[in-house]
Asks: 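Quick one: the structure is below, questions incoming.
Side chains included, hydrogens not; waters and symmetry mates left out as well; all remaining heavy atoms used.
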Amino acid sequence: LPLHPLLVHFPVTFWLLLPGLDLLALMAGPAPWWTLGMAASSLGTAFGAAAIAAGLIEYVQPSLAGIDLKLAARHGIRTTLAWCLFAARTALSAILPVSTFAATAALALDLAGCILLIQGVYFGTKQVYQRLEEE
């Protein structure tokens with residue numbers, strides 16, 4: 001049973017919530033939006049690490065899932081870069097005091113991460129549907 005497809009929904013959901021939480025923190029004040037953003041960022045980063053590890057195992061042993069390696073590499077690179085941006089956002093949130101600057105920096109990292117994440121989701125979805133059409 002491939003674990004990667006089971007795990008990916010958690011970080012995607014947490015990370016796609018972040019720009020909205022950051023905007024709310026900027027427009028309505030930090031409480032409770034900043035705290036919720038920190039929690040979503042932390043949980044997304046933790047689940048994302050597990051999803052990347054599971055995906056890497058499936059990539060290294062493609063016979064487990066019968067994957068297109070080129071498409072999987074595109075997917076993996078985009079999502080790993082997104083993970084790096086969200087991990088940086090998590091660290092930034094933990095280090096910087098709550099401020100307009102911190103929320104703006106978090107929003108910038110989240111938007112860049114979401115762009116990469118959406119590209120990665122596209123390639124991952126393409127991978128799944130390509131396999132289904134072949135069966």
Side-chain angles (χ1 to χ4, degrees):
L1 176 66
L3 286 177
H4 180 72
L6 298 173
L7 294 171
V8 297
H9 300 89
F10 296 102
V12 169
T13 301
F14 286 127
W15 289 337
L16 289 178
L17 288 172
L18 287 172
L21 293 171
D22 291 338
L23 284 173
L24 285 167
L26 282 167
M27 296 181 346
W33 313 114
W34 183 256
T35 304
L36 289 171
M38 287 179 61
S41 181
S42 299
L43 288 169
T45 301
F47 276 108
I52 289 170
L56 186 58
I57 291 169
E58 292 172 22
Y59 181 78
V60 171
Q61 298 179 355
S63 61
L64 292 177
I67 60 175
D68 175 348
L69 292 177
K70 186 176 179 182
L71 193 55
R74 287 180 176 169
H75 166 69
I77 289 168
R78 299 296 190 306
T79 53
T80 299
L81 290 173
W83 183 89
C84 290
L85 289 173
F86 291 117
R89 189 259 195 235
T90 302
L92 177 107
S93 299
I95 294 169
L96 291 179
V98 179
S99 66
T100 302
F101 171 77
T104 303
L107 178 60
L109 287 169
D110 291 340
L111 290 174
C114 283
I115 290 168
L116 288 167
L117 181 65
I118 290 168
Q119 290 173 353
V121 167
Y122 169 76
F123 289 126
T125 302
K126 190 173 178 181
Q127 171 84 13
V128 168
Y129 284 103
Q130 180 179 3
R131 277 195 4 233
L132 289 175
E133 288 176 358
E134 292 171 358
E135 293 177 0

Asks: When rounded to the nearest 0.5 angstrom, what is the spacing between CD1 in I118 and CG in L16?
Replies: 6.0 Å

Asks: Could you go through the side chain to side chain contact (heavy atoms under 4.5 Å, CB included) check for L18 and C114 one step at a time?
Replies: CA-CA 9 Å; L18 287 172; C114 283; 5.9 Å; no

Asks: Are W15 and V12 connected, step by step, through hydrophobic side chains (Ile, Leu, Val, Met, Phe, Trp, Tyr) whose heavy atoms are closer than 4.5 Å?
Replies: yes

Asks: Does any non-hydrogen side-chain atom of P5 lie less than 4.5 Å from one of Q127?
Replies: no

Asks: Atom NZ in K126, atom CG in L71: separation rounded to 0.5 Å?
Replies: 6.0 Å

Asks: What pairs of donor and acceptor atoms, side-chain ones from residues 50-57 against any protein atom, are under 3.5 angstrom apart with sequence neighbours left out?
Replies:
none

Asks: What's in the same ILVMFWY side-chain cluster as M38, cut-off under 4.5 Å, chained through other members?
Replies: W34, V98

Asks: May I ask whether W33 and L26 are part of the same hydrophobic cluster, defined by side-chain heavy atoms of I, L, V, M, F, W, Y residues being less than 4.5 angstrom apart, directly or through others?
Replies: no

Asks: Using the six-membered ring wherever Trp is involved, compare the ring planes of F47 and F14 and label them parallel, tilted or perpendicular (cut-offs 30° and 60°).
Replies: parallel

Asks: Any side chain to side chain donor-acceptor pair (under 3.5 Å) pairs touching residues 113-125, not counting sequence neighbours?
Replies: R78-Q119

Asks: Quick one: are T45 and P11 in side-chain contact, heavy atoms under 4.5 Å?
Replies: no

Asks: Check whether any side-chain heavy atom of L109 sits under 4.5 Å from a side-chain heavy atom of F86, and report yes or no.
Replies: no

Asks: Is there a path from L17 to L36 through hydrophobic residues (I, L, V, M, F, W, Y) whose side chains come within less than 4.5 Å of each other?
Replies: yes

Asks: CG of D68 to NE2 of H75: how many Å apart, nearest 0.5 Å?
Replies: 12.5 Å

Asks: Holding to ring-ring contact (aromatic ring centres under 6.0 Å, His included), I want the full list of residues that pass it with F123, two or more places apart in sequence or in another chain.
Replies: none

Asks: I need the L111 CG to L85 CG distance, nearest 0.5 Å.
Replies: 11.0 Å

Asks: Tell me which pairs pass side chain to side chain donor-acceptor pair (under 3.5 Å) where either residue lies in residues 94-105, with sequence neighbours left out.
Replies: none

Asks: Hey, could you give me each pair passing side chain to side chain donor-acceptor pair (under 3.5 Å) that has a residue in residues 79-89? Not counting sequence neighbours.
Replies: D22-R89, R89-S93, R89-D110

